[in-house]
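In what follows, every chain begins at residue 1, and chains take the letters A, B, ... in the order their sequences are listed.
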There are 2 protein chains.
Amino acid sequence: MSLPSDIAFILDPARPVLTHARSMQAETGVLPHAHPRGQLLWAKQGVLRVTSEQAVWVVPSTHGVWIPGNCNHQVSCETLVETRNLYIDPTYPVRDQDTQVVMVAMTALMREIVLRLNDSPKCSGDASTARLGLVAIDELNSLSAADLSLPAGTDPRLRRIISHMVSHPDTRHILGELASLAGASVRTLERLFKSETGLTFRQWRTRFKLMNALEALDRGESSTAVAYTVGYKSTSSFVAAFKAEFGYTPQVHARRL
Amino acid sequence: MSLPSDIAFILDPARPVLTHARSMQAETGVLPHAHPRGQLLWAKQGVLRVTSEQAVWVVPSTHGVWIPGNCNHQVSCETLVETRNLYIDPTYPVRDQDTQVVMVAMTALMREIVLRLNDSPKCSGDASTARLGLVAIDELNSLSAADLSLPAGTDPRLRRIISHMVSHPDTRHILGELASLAGASVRTLERLFKSETGLTFRQWRTRFKLMNALEALDRGESSTAVAYTVGYKSTSSFVAAFKAEFGYTPQVHARRL
DNA sequence: CAATAAATAGCGATAATGCGACAATGTCGC
DNA sequence: GCGACATTGTCGCATTATCGCTATTTATTG
């Protein structure tokens, strides 16, 4: 864990939208801190764990996290991660409805905008980059809070289990086996999942798998491949679970991209 | 073929950027016409054939076509096609360097912008759509012309063949021989070339040779030498192919440098 | 157009889970 | 030492997601 040494640049008042890209190793992170600028935190690669005062989320690359200005937050990496951030000047009206940290679903447009802004030379004060920044703010405002978030909890036993699952996404995890790993009984873990994340273990596991599935589908993998890489033993059960959650089948989703 | 019945809406002077989406059957098309607005013609799905007064292009979804205002053009569909167009008010400074129809390489950002603009309700005069329109114009201006593009495709079999051709540029490649290399039938490869690159195998091969030829000519080689180094067995057939593609002979091109 | 592969849907069997009830143990204040 | 309260584990039973399989539909290939 490290304190961010580069908070300073966030304060540049001349530019409404700033970017920051960084590559982070697994298990590393940034200690709790806050800054006046609002921040869109996103990893184009890897899985983040974001902790606010209210909640903790596990965040794959299909999603991002909006951190309003002056909101305390902490970030750590479940895996090797490539972050691409946006920092918005507080004088701009961004997501006024959100007073707290919130997980959002990234759109394809938002992804491309963030990538482009991060690729533009830092000091580029040119007009077209500025216009793109304005659109970034528009899009940021229209991002909807994630309908499929993955709350993480703080209990050490729970964290051990979740980090184990994140690092073995292709396995079929059984609560009984995880219990010995966590040093707690199955019943206690059931209670922990419910109280800390609001979800039962099964719900949590299903969401976890389906979020991984969304990522793989975005990359263009087949339903069969996805089913196995996210830990189902048969394609049909994956398709069934997917449809039960979203209302449409995996390939219908893929075609929408 | 049909005359576009909906040119009228293109004339709306109130909006700098208009959109038009349409689904077209294979073998259908639009008769030659022109309009004051500049147009970015793009198919998110399928292969277009665009004819201007200067040239004809085959356009897969990786590319688009910029049609300056009042330029005569004609469109037909090689396959089932989903077009997503942008029409830009002529008072905006868009690609002033282009006086003629030009094929451009789409960027991921441009794709998403066009899709978003097309999805926005037609009559949405809201500010954020307007800002996105401005960015569309910026991005449009920065798209690079690709008049002799060599789209590569993503299919692994296709890639194997292309990489083989690239590493043996001086050979006369026969599809039948390449087929065994790729592990697919000749018919499948024909389909792959068409669907992934928008070109038939022969078109692709010719372009490939001619691009190599341009490079060699730039180095000052003679027509005879170039003909052999890019895989033609006679100078005359090379000169003929070159003239068919560009409209002038190799040495005329060389003298222009 | 026929053959093949991939995606989806259906279904019975079953192991895994959810959860209420209750007992055991730990924590805290006094 | 004792009561109040929270945490944890054990047991039983109802519920269900997933498996393993087959069938059907859809897309791709020769």
*Asks:* If only side-chain N and O atoms count, and only distance matters, is there a donor-acceptor pair under 3.5 Å linking A/Gln251 with A/Ser223?
*Replies:* yes
*Asks:* Taking the axis from the first five pairs and the axis from the last five, what angle separates them in the helix from C/dC1-D/dG30 to C/dC30-D/dG1, rounded to 10 degrees?
*Replies:* 60°
*Asks:* If the threshold is 4.0 Å, N to carboxylate O, is there a salt bridge linking A/Glu139 and B/Arg116?
*Replies:* yes
*Asks:* So, A/Arg84 and A/Glu82, do they make that salt bridge, N to O below 4.0 Å?
*Replies:* yes
*Asks:* Report yes if some heavy atom in the side chain of A/Val59 is under 4.5 Å from a heavy atom in the side chain of A/Leu150; otherwise report no.
*Replies:* no
*Asks:* Within 45° of the axis and under 6.0 Å from the centre of the six-membered ring of A/Tyr248, does NZ or CZ of A/Lys243 qualify?
*Replies:* no
*Asks:* Would you say A/Met106 and A/Trp42 make side-chain contact, with heavy atoms under 4.5 Å?
*Replies:* yes
*Asks:* Take the protein atom CG of B/Leu189 and the nucleotide atom P of D/dT28, then report the distance between them rounded to whole Å.
*Replies:* 16 Å
*Asks:* Under the 6.0 Å and 45° cation-pi test, does B/Lys233 pair with B/Tyr228?
*Replies:* no
*Asks:* Side-chain N or O of A/Thr249 less than 4.0 angstrom from OP1 or OP2 on C/dT8?
*Replies:* yes
*Asks:* Would you please say whether a donor-acceptor pair under 3.5 Å links the side chains of B/Gln39 and B/His20?
*Replies:* no
*Asks:* Report yes if the side chains of B/Leu175 and B/Glu190 come closer than 4.5 Å at any heavy-atom pair, otherwise no.
*Replies:* yes
*Asks:* Taking atom C1' of D/dA17 as reference, at what distance in whole Å does atom CZ of A/Phe208 sit?
*Replies:* 18 Å
*Asks:* At less than 4.0 Å, is any side-chain N or O atom of A/Ser185 found next to OP1 or OP2 of D/dT7? Yes or no.
*Replies:* no
*Asks:* Tell me which residues in residues 229-238 of chain A lie within less than 4.0 Å of DNA chain C, going by non-hydrogen atoms.
*Replies:* A/Thr235, A/Ser236
*Asks:* Can you tell me the distance, in whole Å, between the CG atom of A/Leu192 and the C1' atom of D/dT7?
*Replies:* 10 Å
*Asks:* Can you tell me the distance, in whole Å, between the NE2 atom of A/His253 and the P atom of C/dT8?
*Replies:* 12 Å
*Asks:* Go through the side-chain N and O atoms of A/Glu215 and A/Thr62 and say whether any donor and acceptor fall under 3.5 Å apart.
*Replies:* no
*Asks:* Between C/dA7 and A/Thr224, is there an OP1 or OP2 to side-chain N/O distance shorter than 4.0 Å?
*Replies:* yes
*Asks:* Rounded to the Å, how far apart are B/Leu158 CG and D/dT28 C1'?
*Replies:* 16 Å
*Asks:* If you compare all heavy atoms of A/Ala34 against all heavy atoms of A/Asn72, which two are closest, and at what distance to 0.1 Å?
*Replies:* N-OD1, 3.7 Å
*Asks:* Would you give a per-nucleotide map of nucleotides 12-27 of chain C, 5' to 3', where B means the base has a protein non-hydrogen atom under 4.0 Å away, S means only the sugar-phosphate does, and - means neither?
*Replies:* ----BSBBB-------
*Asks:* With a non-hydrogen cut-off below 4.0 angstrom, is A/Ala241 in contact with a base, only sugar-phosphate, or nothing?
*Replies:* sugar-phosphate
